[in-house]
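Structure first, then comments.
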Amino acid sequence: MHLNPYGEYAVLLAASLANDWPDSRAGIVERTREFGMTMEFPVCPDDHSRTRGVIEDWLAVVHAPEPGKRAALLNTHMAGAAAYPRLTDHDGEGWHLHYRDDDQALPAVLRAVISVGTSLHLVTRGMHRLGVCAAEPCRNVIVDVTRNGRQQYCSVRCANRAAVRRHRSRGAAG
């Protein structure tokens, strides 16, 4: 059995959905596959809009001004997604733990996976390891998985743009 704590991949999945929202339910499912989720989800007609609600709720955590508020929001999200842990071998790849009920709809599964994964990310790496890109006007979410815990930009492109702006502003001031 391997332990699947819904860690880093879950919070990276949430950021990916927040930064580049798919046009359809199929796009959401495809993204979950890209991040390693293999289970099948029962189809519900409002999966796309309800999953968007999960991401909007998660963005409130990203934008929370201090750790206590982040914790309170995540506790609320996890309480809404509560299910007892269970062993499963749904994909024939080996036994592992799920923190959700079987046969839940896509939005409910993502609420559980993302809230638990985000909580694990923040308590193991630091409550400051989730934010918004520091390069204006970019508003992409960043999930800091760096060794030093100082990631400020969503990409090298944004970091370079910010550096150029700082350099030009110093030149203009001098």
Requested in this report: Can you see which heavy atom on Thr124 is nearest to which on Leu120, and at what distance?
Outcome: OG1-O, 2.6 Å

Query raised in the report: Going through the checks in order, is the salt bridge (charged side-chain N to carboxylate O under 4.0 Å, His left out) test met by Arg31 and Asp20?
Result: CA-CA 10 Å; Arg31 192 79 54 84; Asp20 183 21; 3.6 Å; yes

Query raised in the report: Do the non-hydrogen side-chain atoms of Leu13 and Met37 ever get within less than 4.5 Å of each other?
Result: yes

Requested in this report: Quick one: pull up OG1 in Thr118 and CE in Met78 and give me the separation to the nearest 0.5 Å.
Outcome: 9.0 Å

Query raised in the report: Are His63 and Trp58 an aromatic pair by the rule of ring centers under 6.0 Å?
Result: no

Report task. Report yes or no: does Ser16 contribute a side-chain atom to a donor-acceptor pair with the main-chain N or O of Leu12 at less than 3.5 Å? Result -> no

Report task. List the steps and the verdict of side-chain contact (heavy atoms from CB on, under 4.5 Å) for Ile114 and Ile55. Result -> CA-CA 9 Å; Ile114 289 169; Ile55 297 305; 3.9 Å; yes

**Report entry** Spatial distance of atom CG (Asn75) from atom CZ (Arg70) [nearest 0.5 Å]
**Finding:** 14.0 Å

Query raised in the report: Does the side chain of Arg111 come within less than 4.5 Å of Asp57's, by heavy atoms?
Result: yes

Query raised in the report: Once you round to the nearest 0.5 Å, how far does CD1 of Ile142 lie from CD of Gln151?
Result: 5.0 Å

**Report entry** Thr38 and Arg33 side chains, donor-acceptor separation under 3.5 Å
**Finding:** no

Query raised in the report: How about Ile28 and Trp21: do any of their side-chain heavy atoms sit closer than 4.5 Å?
Result: yes

Report summary line: dist Thr51:OG1 -> Leu110:CG (nearest 0.5 Å) comes out at 5.5 Å

**Report entry** Sequence neighbours excluded, every pair satisfying ring pair (Phe, Tyr, Trp, His ring centres under 6.0 Å) that has a member inside residues 114-155
**Finding:** none

Requested in this report: State whether Arg161 and Glu136 are salt-bridged, where the test is any N-O pair (Lys NZ or Arg NE/NH1/NH2 against Asp/Glu carboxylate O) under 4.0 Å.
Outcome: no

Query raised in the report: Do side-chain atoms of Arg125 reach the backbone of Val145 as a donor and acceptor pair under 3.5 angstrom?
Result: yes

Requested in this report: Search all heavy atoms of His48 against all heavy atoms of Ser24 and return the closest pair with its distance.
Outcome: CD2-C, 3.2 Å

Report summary line: Applying side-chain contact (heavy atoms from CB on, under 4.5 Å) to Thr76 and not counting sequence neighbours gives none

Requested in this report: For residues Asn19 and Val141, report the shortest heavy-atom separation together with the two atoms involved.
Outcome: OD1-N, 2.7 Å

Query raised in the report: Where do Ala60 and Leu73 come nearest, in terms of heavy atoms and distance?
Result: O-CD1, 3.5 Å

Query - Atom pair OG (Ser49) and CD (Glu56), whose distance is rounded to the nearest 0.5 Å - result: 12.0 Å

Requested in this report: Check the hydrophobic clustering (I, L, V, M, F, W, Y; side-chain heavy atoms under 4.5 Å; chains of links allowed) and say if Tyr9 and Val123 are grouped together.
Outcome: no

Query - Closest heavy-atom pair and its distance - Pro107, Val54 - result: O-CG2, 3.5 Å

**Report entry** Sub-4.5 Å side-chain heavy-atom contact between Val132 and Val62
**Finding:** yes

Query raised in the report: Heavy atoms, side chains only, cut-off 4.5 Å: are Gln104 and Phe41 in contact?
Result: no

Requested in this report: Indicate yes or no for a side-chain donor-acceptor contact from Asp144 to the backbone of Gln152 under 3.5 Å, with no hydrogens or angles considered.
Outcome: no

Report summary line: Smallest heavy-atom separation, Ala15 atom then Val143 atom, equals CB-CG2, 3.7 Å

Query raised in the report: Does atom CG of Asp89 have more than 12 heavy-atom neighbours from other groups under 6.0 Å away?
Result: yes

Report task. Measure the CG-OG distance between Leu74 and Ser115 for me, rounded to the nearest 0.5 Å. Result -> 7.0 Å

Report task. Compare all side-chain heavy atoms of Phe35 with those of Val11 and state whether any distance is below 4.5 angstrom. Result -> no

Requested in this report: Under the salt bridge (charged side-chain N to carboxylate O under 4.0 Å, His left out) rule, collect the residues that match up with Arg165, sequence neighbours excluded.
Outcome: none

